[in-house]
Amino acid sequence: KLIMSLLPIVKWPNPLLKEKSEPVKVVDESIQKFMKDMYDTMIHENGIGLAAVQVGELKRILVIHIQDNERYDDVEGNTDISTEPFFVVNPKIVKESEEYIIYKEGCLSFPGQFANVKRHNEITVEYLDFNGEKQEVHATGILSICLQHEIDHLNGIRFIDHLSPLKRSMLLKKLKKQGIN
Ligand code: ZN
């Protein structure tokens, strides 16, 4: 195995997290190498999803790997837990369910902080895969939640932006107290 390249995680309050990412023109070798580095970084940080902006690149790229983990047993509709690394380029949500799901989310850019966020229960996403091929995925449960969280990152939306101002300020106060940033 090649030596891992771990990338530094962009953390709050870095304003980059509010920026909109640009579509990838061609999924070439350099993009593939970058996706592998993102993947290694995410696994190293014990994350289940990572957007390129979280390692400082404003590109519409996500990596996801929801490993079959009892941590997500309580999430309704978990039929699509991916057991393989999932590479997603230029994702576009083409369908959203009318039903919603609430889940306590965390984010590598907000270490140690969790909050309930309401998301669509099911979504359908068009994207390009690791080889640049057009694909479509119908996601439910934790995969749907994770995809929506990561696609938000590509649009400069952080999970705290879904919280009430009071909950958001409480979370950020706790994060400051941790002194990690
Ligand atoms: Zn996040």
Side-chain angles (χ1 to χ4, degrees), residues 6-24 34-67 69 71-72 74-75 78 80-82 85-93 96 100-123 125 127 137 139-165 167-178 180-181:
L6 299 178
L7 307 167
I9 301 281
V10 171
K11 289 175 187 163
W12 182 87
N14 193 318
L16 203 63
L17 295 169
K18 288 187 187 174
E19 297 288 320
K20 202 172 157 147
S21 296
E22 293 293 324
V24 172
F34 175 63
M35 288 196 278
K36 283 182 188 165
D37 291 346
M38 277 179 69
Y39 181 76
D40 289 340
T41 303
M42 179 187 77
I43 295 299
H44 179 77
E45 301 281 342
N46 290 315
I48 61 169
L50 188 70
V53 61
Q54 292 182 278
V55 290
E57 293 281 344
L58 290 171
K59 296 189 168 92
R60 299 187 83 79
I61 300 174
L62 316 173
V63 298
I64 291 174
H65 194 176
I66 297 153
Q67 300 181 58
N69 184 328
R71 190 169 148 202
Y72 308 108
D74 59 333
V75 182
N78 255 343
D80 282 317
I81 286 191
S82 56
F86 185 28
F87 298 97
V88 181
V89 178
N90 299 345
K92 190 178 164 215
I93 297 176
E96 297 168 333
Y100 293 89
I101 186 167
I102 292 172
Y103 184 70
K104 200 168 217 181
E105 297 184 14
C107 179
L108 293 178
S109 298
F110 296 77
Q113 302 306 319
F114 299 87
N116 282 333
V117 176
K118 187 176 161 189
R119 305 275 185 191
H120 297 280
N121 206 359
E122 299 181 27
I123 55 167
V125 177
Y127 65 99
V137 63
T140 63
I142 191 71
L143 182 60
S144 169
I145 292 165
C146 187
L147 269 167
Q148 288 171 79
H149 176 117
E150 302 308 335
I151 290 170
D152 267 359
H153 274 303
L154 304 183
N155 295 319
I157 300 165
R158 305 143 319 159
F159 82 116
I160 59 161
D161 296 319
H162 290 278
L163 309 179
S164 69
K167 282 202 174 135
R168 182 162 54 238
S169 76
M170 279 165 57
L171 185 148
L172 294 177
K173 207 183 265 178
K174 277 196 282 170
L175 186 56
K176 271 186 217 157
K177 246 190 198 161
Q178 268 177 208
I180 289 176
N181 298 284

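Residue numbers start at 1 and run along the sequence shown. As the structure lists them, so they are numbered: ligands from 1, and atoms in each ligand from 1.
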Residues that [X] engages under ring-ring contact (aromatic ring centres under 6.0 Å, His included), provided they are two or more places apart:
X	result
Y127	F86
H149	H153, F159
H120	Y100

For the Zn ion (ligand 1), check which protein N, O or S atoms are under 2.8 Å away and list them.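 As for protein N, O or S atoms lying under 2.8 Å from the Zn ion (ligand 1), they are C107 SG, H149 NE2, H153 NE2.
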How many angstroms lie between CD in Q148 and CD1 in I157, if you round to the nearest 0.5 Å?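 Here the rounded value is 11.5 Å.
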Rounded to the nearest 0.5 Å, how far does NZ of K104 lie from CD1 of I145?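 Taking CD1 in I145 and NZ in K104, the distance rounds to 14.0 Å.
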Return yes when atom CD of E19 has more than 12 non-hydrogen atoms of other residues, nucleotides or ligands closer than 6.0 Å, and no otherwise.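 For E19, atom CD is crowded (more than 12 foreign heavy atoms under 6.0 Å).
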